Trainee: 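Before we start, here is the structure in question, set down as C-alpha cells.
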Amino acid sequence: MGRLFIVILLLASSLATAGTDTPPLVDAVWLKSHLGQDNIVVLDVRSGIDNGGDRSSFQKAHIPGSVYSSYTDDGWRESRDGVQGVLPPVKSMERLIGGLGIGNEATVVIVPAGTGATDFGSAARVFWTFRVLGHDEVTILNGGFAGWQAEGYEVASGEGADRPFADFKGSVQEELIASLDEVEHARENQGQLVDARPEDYFRGETASPAAKAPGTIPGSFNLPHYQFVSEVSDVWYLNEDSITESVERANLNANSRTIAFCNTGHWAATDWFVLSELAGFSEVALYDGSMSEWSQDSDRPMQVAKRGLGKLLDFFN
C-alpha cells in the first residue's frame, strides 16, 4: 500500500506542476545553474521568525542579484476586522510585488532564511500568495539562504538588485482561498479540514494569542507543519521523504477538497504547499482567517481534548 501511494504521489506531483516549467521546490544547485537568467528574480524574505535575520542581515550577505522584502514587515499579510494575518487587497499586493521589480513574466525564487520550520512557512505563505494572484512561475529554495551558504556558493553584500518598478497584475484564484462560510459548510458536512498546528494547540492545551479560545474546529485532522521540515547541519530543509508517511498517518484523502488552517494562516501555508504542490492533492485551499477568525464568535463550536485524545468535548454547543 505504501509503495502504491508513493507512485500515486509522484505521478500526481508531476501532474500538479505540468502547467509550469518550474518545479515548486528547488535546491541550491538548481538556483546556481539558473542564476543570471533574465526572467529569474530571487526574492529573499528573511525575517525575525526563527532568528532568520532582517534587512541588515541581507545587506551583509545575500544571494547575488536578489531583492529583499521582509515577510513580517513589508505588507505580505495584514490584520483586518480583528483577524490577524489575512491576505491584503489585490491592489496592495500588486504595488508590493511591482515595487520589487517583479512583473508577470518573472520566475520568482523565494528564499527563506533556512533557520527553522516556522521560517519555512514564510516562504510557503508568499508562494501561496503568488499562486492566489494567478502567478504560477514561482518556486521555493529548499534550505533557503542557509542552504545556499552551506553549498559554499558566492554571496554578495549591499542593497541587492536595483530593479525598476514593474507592472504586476493579479488575477485572483478563488479556489485557493477558503472563506469562513466555506469552512462552516465543510464542518457541517464532514469536509476535509486540516489543522497544521502542533498537537498541543490541536488538543486545546495551548492557546495562541491570536485566538480567543483554545481548541480546534470540530472534525478536523491534525497534520502538524513542523514534521515536514528537518535540520541537517544547521540548515532546515523541507523533507520530501516524510510526506507519504505523514499524509497516511493523518488518514487524508487526496481526492477530497482540503482546507488547511492554523492560528493565522502561516503554519497552514506549509501544509497547503506540501499537499497541493508536492503530494498531488486534487484541490487544496488555505483558510487564512484560521482560528483568529473562527474563535471570534463564541457561537462557533470549538473542540478540545479531555482526559486524553480519545474523549472530546465541544465548547459553546
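The model shown is predicted, which means the values in this text are computed figures rather than measured ones.
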Trainee: Looking only at side-chain N and O atoms, does Ser66 offer a donor or acceptor that is under 3.5 Å from a partner on Asp44?
Mentor: no
Trainee: Might you point out which heavy atoms bring Leu176 and Val284 nearest each other, and give the distance in Å?
Mentor: CD2-O, 3.8 Å
Trainee: Of the non-hydrogen atoms in Arg300 and Glu293, which two are nearest, and what is the gap between them?
Mentor: NH1-O, 3.1 Å
Trainee: Would you call Arg125-Asp288 a salt bridge at under 4.0 Å N-O?
Mentor: yes
Trainee: Mind listing the side-chain donor-acceptor pairs of residues 150-158 below 3.5 Å, one per line with the distance, residues two or more places apart or on another chain?
Mentor:
none

Trainee: Does this structure show an ion pair linking Lys91 with Glu94, if we count only N-O contacts that are shorter than 4.0 Å?
Mentor: yes
Trainee: According to the interplanar angle, ranging from 0 to 90°, do the rings of Trp267 and Tyr201 count as parallel (below 30°), tilted (30 to 60°) or perpendicular (above 60°)?
Mentor: perpendicular
Trainee: Taking all non-hydrogen atoms of both residues, which atom of Gly114 and which atom of Asp119 are closest, and how far apart?
Mentor: N-OD2, 2.7 Å
Trainee: Classify the ring geometry of Phe130 against Phe168: parallel below 30°, tilted from 30° to 60°, perpendicular beyond 60°.
Mentor: perpendicular
Trainee: Decide whether Leu223 and Phe120 are clustered together by the hydrophobic rule: side chain heavy atoms of Ile, Leu, Val, Met, Phe, Trp, Tyr closer than 4.5 Å, transitively.
Mentor: yes
Trainee: For the backbone of Gly53 and the side chain of Arg46, can you confirm whether one donor and one acceptor N or O come within less than 3.5 Å of each other?
Mentor: no
Trainee: Under 30°, 30 to 60°, or over 60°: which ring-plane class applies to Phe127 and Phe273, parallel, tilted or perpendicular?
Mentor: perpendicular
Trainee: Cluster question for you: counting only ILVMFWY and a side-chain heavy-atom cut-off of under 4.5 Å, with indirect links fine, are Val235 and Ile49 together?
Mentor: no
